[in-house]
Undergrad: 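Before we start, here is the structure in question, set down as structure tokens.
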Amino acid sequence: MSMNKRPEKEFTAEIAEKAEQVWKTIEGYLPREEGYGKKVIEAMNYSITSGGKRLRPLIMRESFLMLSEIRDDGKDFPEEELLGAFMAAMEMIHTSSLVHDDLPAMDNDEYRRGRKTTHAVYGAGMATLAGDGLLNLAYETIGGVLRKYVSRDSTLALRGVEALDILSSKVGIYGMIGGQSADLESEGQSDIHADKLLYIHENKTSALIEASLMCGAILAGADMRAISDMEKAGRFAGLAFQIRDDILDIEGDAEKLGKPLHSDEKNGKCTYISLYGMDRAKADCQDYSEEAATLISRYAGSDGFLTRLILHLTQRDS
Ligand code: GRG
């Protein structure tokens, strides 16, 4: 699938502009740093304000726009507040997973997004609570907005409940947390079964991308077929994303990544590259990305923003 219809530089600027809009929405849901519990809130805000690509909420919004009748022309639409709450929740959940992933008891990383990790600044105890706080705030944020829709618009409220059901299950033991559990358990094993590595990637990484695409689709009122296509596309995109992440950990630029290289080697992780070699990893990353883009292009067209974004993931350098 070709993506040379518009210059890459122009597209990167378009992504950055959209990510900035997404961030403005998320920022509106951040907690005020006050009271005796202030320290954990500071640590939560430190983690979530430290940059990052905001890819998952961006994907959610684009999935919503792609599958609804709404034009992105700056005008308000009835689903906007509910969608915004889900976008903020997604970034809170993603950030909570990064904060926990960096902890001494997990990857023990000192840098993330070009800054000291949360535990390096606030200590491991406070960082654990900051991760918990962000995870819980995600559901508080959705709950707080969803309850308003019960009297405002029962159709949208029901879509919100369905999206919440998907989101929470993709985060939990049958999703991201399950994947991270298998990953943690496999540390130090240089050669794990291919099925197990696939399980790890599908869950620790694909699950949140699946949820982002699916929640956008559900909130847009898409049919079952489209929602299922979004799940499949998210799986492929997540696999490509994780393989690219592992490639960058070896061949990337530490400055651009905002963290040192060779974290996987340090932690004795079995990765796609250690199992299959770099050449196959690169080829499979490209294939998975194209599988995802083909599914998305059924709805967005081959030159649509989301199609191009998914393909762009294979070339990302940060
Ligand atoms: C507390 C909810 C909770 C979970 C704990 C630690 C954990 C379970 C899960 C970790 C899952 C994980 C770190 C998966 C890796 C996915 C990945 C490649 C993350 C990097 O995402 P980017 O590149 O990061 O989008 P930025 O910084 O751009 O946001």
Undergrad: Could you list the residues that satisfy salt bridge (charged side-chain N to carboxylate O under 4.0 Å, His left out) with D284, not counting sequence neighbours?
TA: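 With sequence neighbours excluded, D284 shows a salt bridge (charged side-chain N to carboxylate O under 4.0 Å, His left out) to R280, given in chain and number order.
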Undergrad: Only distances under 3.5 Å count here; give the side-chain donor-acceptor pairs of residues 128-137 to other protein atoms, sequence neighbours excluded, each with its distance to 0.1 Å.
TA:
residue: T128; atom: OG1; partner: A124; partner atom: O; Å: 2.7
residue: N136; atom: ND2; partner: E140; partner atom: OE2; Å: 2.8

Undergrad: Enumerate the salt bridge (Lys or Arg N to Asp or Glu O under 4.0 Å) contacts for residues 203-216, please, sequence neighbours excluded, ordered by first and then second residue.
TA: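 Residue pairs passing salt bridge (Lys or Arg N to Asp or Glu O under 4.0 Å), neighbours aside: K170-E210, D183-K204.
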Undergrad: Please enumerate all residues that pass ring pair (Phe, Tyr, Trp, His ring centres under 6.0 Å) together with F64, with sequence neighbours excluded.
TA: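 Applying ring pair (Phe, Tyr, Trp, His ring centres under 6.0 Å) to F64 gives F77.
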Undergrad: Could you name each residue pair satisfying ring pair (Phe, Tyr, Trp, His ring centres under 6.0 Å) that touches residues 87-132, not counting sequence neighbours?
TA: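 Counting only pairs at least two positions apart or across chains, the ring pair (Phe, Tyr, Trp, His ring centres under 6.0 Å) contacts touching residues 87-132 are Y46-Y122.
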Undergrad: Quick one: which of K269, K266, K259 gives a salt bridge (Lys or Arg N to Asp or Glu O under 4.0 Å) with D107?
TA: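 Answer to the salt bridge (Lys or Arg N to Asp or Glu O under 4.0 Å) test with D107 among K269, K266, K259: K269.
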Undergrad: Looking just at side-chain N and O atoms, do E290 and Q286 make a donor-acceptor pair shorter than 3.5 Å?
TA: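 Side-chain D/A pair, E290 to Q286: present.
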Undergrad: Please say whether more than 12 non-hydrogen atoms of neighbouring residues, nucleotides or ligands are located less than 6.0 Å from NZ in K39.
TA: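 At most 12 heavy atoms, drawn from other residues, nucleotides or ligands, come within 6.0 Å of this atom.
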Undergrad: So, using side chain to side chain contact (heavy atoms under 4.5 Å, CB included) as the criterion, who are the partners of E69 when residues are at least two apart?
TA: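 Not a single residue meets the side chain to side chain contact (heavy atoms under 4.5 Å, CB included) criterion with E69.
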Undergrad: Test of understanding: with salt bridge (charged side-chain N to carboxylate O under 4.0 Å, His left out), list the residues that count as partners of D76, not counting sequence neighbours.
TA: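 None.
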Undergrad: Please write out which residues are connected to L257 in a hydrophobic cluster, directly or through intermediates, given that two of Ile, Leu, Val, Met, Phe, Trp, Tyr count as joined at side-chain heavy-atom separations below 4.5 angstrom.
TA: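 Grouped by the 4.5 Å side-chain rule, L248, L261 form the rest of the cluster around L257.
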Undergrad: Determine which pairs satisfy ring pair (Phe, Tyr, Trp, His ring centres under 6.0 Å) with at least one residue from residues 200-245, sequence neighbours left out, and list them in order.
TA: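 Qualifying pairs, neighbours excluded: none.
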Undergrad: Could you tell me which residues satisfy salt bridge (charged side-chain N to carboxylate O under 4.0 Å, His left out) with K38, sequence neighbours excluded, listed by chain and number?
TA: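 Testing K38 for salt bridge (charged side-chain N to carboxylate O under 4.0 Å, His left out), a comparison that skips the adjacent residues, returns none.
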Undergrad: Only counting residues at least two apart or in another chain, list the ones meeting side chain to side chain contact (heavy atoms under 4.5 Å, CB included) with D249.
TA: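 D249: side chain to side chain contact (heavy atoms under 4.5 Å, CB included) contacts with S263, D264.
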Undergrad: For R54, which residues count as a salt bridge (charged side-chain N to carboxylate O under 4.0 Å, His left out) partner, sequence neighbours excluded?
TA: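 Here the qualifying residues are E91.
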